[in-house]
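In this chain, numbering begins with 1 at the start of the sequence shown. Below, all heavy atoms of this structure are taken into account, side chains as well, without hydrogens, waters or symmetry copies. Every number for a ligand or one of its atoms is a count from 1 in the order of the listing.
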Amino acid sequence: MNASLVSLRKVRKSYGDLVALNDIDLSIDQGQFVVLLGPSGSGKTTLLSILGGFTTPTSGDVWIDGQDVTTTPPAQRPTVTVFQDYALFPHMTVSENVGFGLTMRKVPRGERKQRVERVLETVGLHDLGGRRINQLSGGQRQRVALARAIVVEPAVLLLDEPLGALDLKIRQQMQEELVELQRRIETTFVHVTHDQEEAMNIADIVVVINRGAIEDVGPPERVYLRPASLFTATFMGDSNILTGKAVASDAGHTTVDTPLGAIVVEGHVDVGATAHLSVRPEQIKVGAAQSGDMTSLGDARISAMVFQGAHRRCHARLGPNQDIDLLLYVPPEQDLTPGQSVSIQVRAADIVLLRD
Ligand code: ADP
Ligand code: MG
């Protein structure tokens, strides 16, 4: 009845007065790498464990592969979960850990051995089948947990902050490996993280979650460049927000009265309503020549500047009382010093209009 592999319909989870998930609707297509992104306590783990069958929703239903699985126990679902702490058996070897799910599913010994070997090859652990878990590094344990999950060939692989325990370098390497693995096996992945950079690195589709509700769903580029909500604009990367009132709106454009003056942007917000304008730091141009498609934000004084390799991260103060602080990324080669006065502009099309 639905073309999506996974669909959640009005899924709600309450713990007493606390609403952990507030009527979530979400569809996931086969083969997608989906990332649930949100701050701690936003409901990511709750959503994942509802997909995995470890938590039953208070109301609403969950469909996977054409079946209503709302009350189906984990073992009877076409899903496998990789938990944050991996939950490996420390006294067993790598091969025994990976083969465990197959043993439980009564897969014959010969086939089991073959599948374990194949999957260890897939995750780059073919030499380590005989090792014990406590003889492995963090990255290797992570691979064992993945191997143990994919060996049972689930339709959906659920991963709860699987890279959270790893050092930055290994984490970035594992992000690339995860993407590469997902492309190869074409399994649908639903991966939880609170790290927006990780989400951008790996996701086909990012689902931004805040206080038990979905704020935005889409490819990372779209979510970054055209965030659907104020929360998304500020959580997914850095953003400057100018808040004001809509004073005119017609023909697809709205004029917002901001502390930096009236700014005309694409999109509609009702006249009289509060509106937020979001501008990414790298979209702000310093001292650029005025041209038709640029909007001037006025003159500013550079108040702080830090070299960050690919760019310089600057703060600029502007507005009538110099009390508006803008974050901007400036190319390292641009001549700029703290204290300098500069004119600040942004392409009109880069300004995102957001409702309150
Ligand atoms: P996240 O994974 O995004 O950090 P969770 O899904 O774990 O968030 O939690 C969402 C909210 O639900 C939090 O406020 C959390 O305290 C609450 N919560 C989660 N599980 C339970 C539970 N078993 N009993 C009571 N409250 C819970
Ligand atoms: Mg969690």
Side-chain angles (χ1 to χ4, degrees), residues 6-28 32-62 64 69-74 77 79-88 138 141-142 145-146 148-149 154 156-168 171 174-175 178 188-203 205-218 220 223 227-237:
V6 176
S7 57
L8 300 174
R9 300 203 204 125
K10 285 220 169 299
V11 166
R12 186 178 194 83
K13 182 67 190 178
S14 313
Y15 295 105
D17 287 345
L18 185 118
V19 179
L21 291 176
N22 192 356
D23 297 347
I24 297 270
D25 286 307
L26 179 67
S27 295
I28 295 172
Q32 282 183 333
F33 199 135
V34 174
V35 173
L36 308 181
L37 172 69
S40 176
S42 56
K44 306 180 297 294
T45 294
T46 304
L47 185 50
L48 203 74
S49 62
I50 283 176
L51 286 172
F54 299 96
T55 300
T56 307
T58 308
S59 57
D61 46 51
V62 182
I64 300 178
V69 296
T70 312
T71 56
T72 307
R77 295 187 180 212
T79 55
V80 173
T81 303
V82 175
F83 294 100
Q84 192 158 12
D85 60 1
Y86 313 152
L88 297 170
R141 284 175 203 209
Q142 167 60 56
L146 270 177
R148 188 177 61 173
V156 186
L157 181 58
L158 306 169
L159 304 122
D160 194 356
E161 310 231 15
L163 311 181
L166 304 176
D167 294 341
L168 182 63
R171 196 156 78 224
M174 286 304 301
Q175 288 168 3
L178 264 184
T188 306
F189 279 29
V190 183
H191 175 119
V192 163
T193 183
H194 62 269
D195 177 349
Q196 47 99 12
E197 267 178 48
E198 179 166 307
M200 284 198 261
N201 287 346
I202 63 179
I205 299 290
V206 179
V207 179
V208 182
I209 302 181
N210 181 33
R211 296 159 172 244
I214 293 179
E215 295 262 348
D216 209 341
V217 180
V223 171
S229 72
L230 185 60
F231 176 81
T232 304
T234 51
F235 191 72
M236 182 101 156

Taking only heavy atoms of [X], which atoms of ligand 1 are found under 4.0 Å from at least one of them?
X: S42; result: 1 (P), 3 (O), 8 (O)
X: T46; result: 5 (P), 6 (O), 9 (O), 10 (C)
X: S40; result: 4 (O)

Tell me, which protein residue and heavy-atom name are nearest [atom], and how many Å apart are they?
atom: atom 17 (C) of ligand 1; value: L18 CD2, 3.6 Å
atom: atom 25 (C) of ligand 1; value: Y15 CG, 3.4 Å
atom: atom 8 (O) of ligand 1; value: G43 N, 3.3 Å
atom: atom 1 (P) of ligand 1; value: G41 N, 3.5 Å
atom: atom 7 (O) of ligand 1; value: T45 CB, 3.7 Å

Protein heavy atoms near atom 15 (C) of ligand 1, is at least one of them under 4.0 angstrom away?
no

Does atom 12 (O) of ligand 1 have any protein heavy atom closer than 4.0 Å?
yes

Ignoring hydrogens, what is the shortest heavy-atom contact between K13 and T46? Give both atom names and the distance.
CG-CG2, 3.8 Å

Please check if the side chain of R171 supplies one atom and the backbone of L166 the other of a donor-acceptor pair under 3.5 Å.
yes

When you measure from the side chain of K44 to the backbone N and O of L37, does any donor-acceptor pair fall under 3.5 Å?
no

Please evaluate residues Q175 and L163 with respect to the criterion side-chain contact (heavy atoms from CB on, under 4.5 Å), reporting the C-alpha separation (whole Å), side-chain torsions for both, the decisive distance (0.1 Å), and the verdict.
CA-CA 8 Å; Q175 288 168 3; L163 311 181; 3.6 Å; yes

Atoms of type N/O/S from protein, distance to the Mg ion (ligand 2) below 2.8 Å:
1

Pairwise distance [atom1]([X]) to [atom2]([Y]) - rounded to 0.5 angstrom:
X: T70; Y: I64; atom1: OG1; atom2: CD1; answer: 9.0 Å
X: L8; Y: I214; atom1: CG; atom2: CD1; answer: 7.5 Å
X: I205; Y: T188; atom1: CD1; atom2: OG1; answer: 12.0 Å

Would you say P39 contacts ligand 1, with heavy atoms under 4.0 Å as the rule?
yes

Does S59 reach the side chain of K10, with side-chain heavy atoms less than 4.5 Å apart?
no

Are the side chains of L146 and L178 in touch, meaning some heavy atoms are under 4.5 Å apart?
yes

So which of V217, L26, V207 actually passes side-chain contact (heavy atoms from CB on, under 4.5 Å) with V34?
V207

Would you mind listing every salt bridge (charged side-chain N to carboxylate O under 4.0 Å, His left out) that reaches into residues 14-24, with sequence neighbours excluded?
R12-D23

Could you label the plane-to-plane angle of the F83 and F54 rings as parallel, tilted or perpendicular, counting under 30° as parallel and over 60° as perpendicular?
perpendicular

Contact region, I209 to ligand 1, non-hydrogen atoms below 4.0 Å, reads neither

